[in-house]
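Here's the structure, in structure tokens; my notes come after.
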Amino acid sequence: CSLPSSSASPSSLLKVPNVFTPKTFIGFDFNRSLITRSYRRVIRRASFYLLKSSLRTLYFCMIYPYLQYCNIVWASTYESNLRRLVILQKRIIRTINKSDVNGHTTPIFKNLKLLKFHDVNKLHECPFIFRFKNHSLPPSFKDLCNSNIEVHSHYTRSRYLFHIPSKRIKVSQFVLS
């Protein structure tokens, strides 16, 4: 592995795609067109020339914002819809760590001090629940759920937990409002 010649311009080594609008998030099309083709290729090419710390910075610049943007809204879906994103994140993390294709990713995430996709989702859900519990959300979220004390008239161990009303249609379980 040799460094590129001085005549090669940096833009010829790493071709960064244009900035995408939130329209690319509709229908999970962004994980096919954006992460797999463009940013993953950039990180893979850069992995030959950069250190892990620089690749980690590239991850936070290129990949992490797309995993984080409105995560609490669009990550509330079936696990099968999110599986491709989780796999893509793991592939990129393996590329950053320069590890085997089939290597376990949990130690890699710990080593690089990164959050897995589901942990990012929990990171966004916790402040939302905190604001809900302290009544600091807009009034439209008031009927989202209630505490078990309001549901049961008798003593239960889980009386301080939230009670989410059951929905008739499976898709309506993922809707926030």
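Just so it is clear, the model here is predicted, and its values are computed rather than measured. Nothing fancy with the numbering, it's 1 onward along the sequence.
Residue H135 holds its NE2 atom at 10.0 Å from CG of L137, rounded to the nearest 0.5 Å. N97 contributes atom CG, which lies 11.0 Å from atom OG of S47 (distance to the nearest 0.5 angstrom). Between atom OH of residue Y49 and atom CG of residue L55 there is a gap of 12.5 Å, rounded to the nearest 0.5 Å. For the atom pair CG (L82) and CZ (R84), the distance works out to 11.5 Å, reported to the nearest 0.5 Å.
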Worksheet entry | Intermediate values then yes/no, side chain to side chain contact (heavy atoms under 4.5 Å, CB included), I92 and M62 | CA-CA 11 Å; I92 292 169; M62 298 176 152; over 6 Å; no
Fill in: L58/Y39 under side chain to side chain contact (heavy atoms under 4.5 Å, CB included): CA gap, chis, key distance, verdict
CA-CA 9 Å; L58 272 179; Y39 290 149; over 6 Å; no
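What you find for I63 and I43 is that their closest heavy atoms are CG1-CD1, 3.9 Å. Among all heavy-atom pairs drawn from I72 and E125, the shortest one is CD1-CA, 3.9 Å.
Within 6.0 Å of NE2 in H124 there are more than 12 heavy atoms belonging to other residues, nucleotides or ligands. Within 6.0 Å of CZ in F130 there are 12 or fewer heavy atoms belonging to other residues, nucleotides or ligands.
By the side chain to side chain contact (heavy atoms under 4.5 Å, CB included) test, P138 pairs with S140, F141, sequence neighbours left out. For F132, the ring pair (Phe, Tyr, Trp, His ring centres under 6.0 Å) criterion is met by F162, not counting sequence neighbours.
F60 and F109 fall within the same hydrophobic cluster, defined by Ile, Leu, Val, Met, Phe, Trp and Tyr side-chain heavy atoms under 4.5 Å apart, directly or through other members.
Contact annotation: the side chain of Q89 approaches that of Y59 to within less than 4.5 Å [non-hydrogen atoms, C-beta and beyond].
The only option from N102, I108, D100 that meets the side-chain contact (heavy atoms from CB on, under 4.5 Å) definition with R94 turns out to be I108.
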Atom pairs and distances, donor-acceptor, side-chain atoms in residues 112-122, under 3.5 Å, two or more places apart:
residue: K116; atom: NZ; partner: T106; partner atom: OG1; Å: 2.9
residue: H118; atom: NE2; partner: E79; partner atom: OE2; Å: 3.1

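A donor-acceptor pair under 3.5 Å links the side-chain atoms of N71 to the main chain of L67, judged by distance alone.
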